[in-house]
Amino acid sequence: MPIRNFSEKTLTAEVLKRVGKAPDKRARQVVQSLVKHLHAFVREVRPTQEEWFQGIQFLTRTGHMCDDKRQEFILMSDTLGVSMLVDFINYGKVGKATESTVLGPFFVAGAPEMPLGANIARPGTPGEPCVVTGTVKDLKGQPIADALIDVWEGGADGFYDVQKPDGTNLRARFRSDAQGRFHFRCITPVSYPVPHDGPVGKMLVATGRHPMRPGHLHFVIEAPGCDKLVTHLFVKGDKYLDSDAVFGVKDSLIVNFKKNAAGEAVCRYDFVLKPAGLRKSPARRAKRRH
Ligand code: BEZ
Ligand code: FE
């Protein structure tokens with residue numbers, strides 16, 4: 001029997017049958033699911049040929065916008081809530097462990113290591129002075145010494161250093177002390193827009209959304225034997241906490257940046273890392289679901 005003359009009704013089953021021959025089990029599952037959902041999307045939306053081509057052009061422009069400094073596809077994933085969904089699936093919520101959130105596109109590996117107490121803002125950097133202090137502990141409350149604490153933030157003008165030509169600023173790495181403590185200086189983070197001069201910006205406008213994120217400090221905290229924690233601390237009272245453009249806010253990560261006697265903002269937070277391997281492998285999770 002010739003395998004041809006497909007119709008809207010019969011096509012999906014044949015595509016699924018063909019990609020079902022993929023020798024790698026995971027690749028088979030991923031591509032079959034993609035075909036199933038993509039065909040369902042097209043059946044639901046019923047695009048005209050012009051609309052379908054507009055979609056292709058949109059994705060093409062998104063790709064052209066990407067280089068070593070700008071990743072428009074990650075931004076797309078962030079603003080459509082996909083990055084947070086992947087984060088929920090992979091990091092989850094475990095006991096008192098600090099919750100995670102999006103990494104974002106402005107992390108830079110190998111930021112300068114600074115001694116505890118240093119200011120991550122270069123002299124003359126505009127912004128309200130801020131002191132950040134806290135601890136890194138495990139789930140049993142034991143201090144974690146020598147944890148690597150990577151921190152970065154945007155400037156008072158709403159831009160990260162990598163978006164400007166002036167070199168490294170407002171990012172550093174610290175090590176917790178023997179009691180798991182850390183402290184450093186920075187500027188109080190302010191709300192800022194995600195890059196919105198490309199296809200993602202157009203998508204936000206077309207869907208009636210703003211590009212703003214509430215003010216936050218980024219952290220990546222690593223220690224041997226623990227899962228890497230990727231998170232933020234958000235500023236309590238920020239007007240964008242309930243409409244973050246990338247859906248990253250969690251109550252447990254909102255901090256009251258209180259003023260001290262010297263008029264500086266103080267942000268205090270105790271991070272809790274979970275032991276490595278508490279996550280389940282993707283294959284095991286998939287099996288449980290079906
Ligand atoms: C950020 O917080 O740096 C960020 C996160 C997601 C998209 C854009 C920016
Ligand atoms: Fe950020």
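Counting convention: from 1, in listed order, for ligands and their atoms alike.
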> Could R171 and D150 be called an ion pair, given the rule that one side-chain N must be under 4.0 Å from one carboxylate O?
Replying inline: no

> Under a 4.5 Å cut-off applied to non-hydrogen side-chain atoms, are T98 and S252 in contact?
Replying inline: no

>> Run R43 and T12 through side-chain hydrogen bond (donor to acceptor under 3.5 Å, both in side chains) and show every step you take.
In response: CA-CA 11 Å; R43 277 201 183 84; T12 305; 2.7 Å; yes

>> I need the atoms of ligand 1 closer than 4.0 Å to a non-hydrogen atom of V194, numbered in the order shown.
In response: 7 (C), 8 (C), 9 (C)

>> Give the atom numbers and elements of ligand 1 that come within less than 4.0 Å of a heavy atom of V246.
In response: 6 (C), 7 (C)

> Should the pair R70-E72 be classified as a salt bridge under the 4.0 Å nitrogen-to-oxygen rule?
Replying inline: yes

> By number and element, which atoms of ligand 1 are closer than 4.0 Å to a non-hydrogen atom of H218?
Replying inline: 1 (C), 2 (O), 3 (O)

> Which atoms of ligand 1 are found less than 4.0 Å from any heavy atom of F106?
Replying inline: 3 (O), 9 (C)

>> Please classify the L75 to ligand 1 contact at 4.0 Å (heavy-atom distances, strictly less than): side chain, backbone, both or neither.
In response: side chain

>> For H210, is the NE2 atom crowded, meaning more than 12 foreign heavy atoms sit under 6.0 Å from it?
In response: yes

>> Could you go through C186 and E153, starting from their C-alpha distance and side-chain angles, then the distance that decides it, and tell me whether this counts as side chain to side chain contact (heavy atoms under 4.5 Å, CB included)?
In response: CA-CA 9 Å; C186 60; E153 65 173 327; 3.0 Å; yes

>> Which residue and atom name correspond to the protein heavy atom nearest atom 9 (C) of ligand 1, and how close is it?
In response: P105 CD, 3.3 Å

> Per the ring pair (Phe, Tyr, Trp, His ring centres under 6.0 Å) rule, which among Y160, Y192, F159 passes with F106?
Replying inline: Y160

> What residue and atom, counting heavy atoms only, is the protein's closest point to atom 5 (C) of ligand 1, and at what distance?
Replying inline: G104 CA, 3.4 Å

> Considering only protein heavy atoms, which is closest to atom 7 (C) of ligand 1, and at what distance to one decimal place?
Replying inline: D78 OD2, 3.1 Å

> Given the rule in the side chain to side chain contact (heavy atoms under 4.5 Å, CB included) test, do Q32 and L16 qualify, once you have shown the distances and angles that lead to the verdict?
Replying inline: CA-CA 6 Å; Q32 279 190 324; L16 284 174; 4.0 Å; yes

> Under 2.8 Å from the Fe ion (ligand 2), how many protein N/O/S atoms can be counted?
Replying inline: 4

> Where is the nearest protein heavy atom to atom 3 (O) of ligand 1: which residue, which atom, and how far?
Replying inline: Y192 OH, 2.8 Å

> Using 4.0 Å as the upper bound for N to carboxylate O, is an ion pair formed by E51 and R46?
Replying inline: no

> How far apart are the C-alpha atoms of H39 and H37, what are their side-chain angles, what is the distance that settles it, and do they pass the side-chain hydrogen bond (donor to acceptor under 3.5 Å, both in side chains) test?
Replying inline: CA-CA 5 Å; H39 282 221; H37 291 280; over 6 Å; no

> Can you say whether the rings of F219 and F184 are parallel (under 30°), tilted (30 to 60°) or perpendicular (over 60°)?
Replying inline: tilted

> Of all the atoms in ligand 1, which lie at a distance below 4.0 Å from a heavy atom belonging to Y160?
Replying inline: 2 (O), 3 (O)

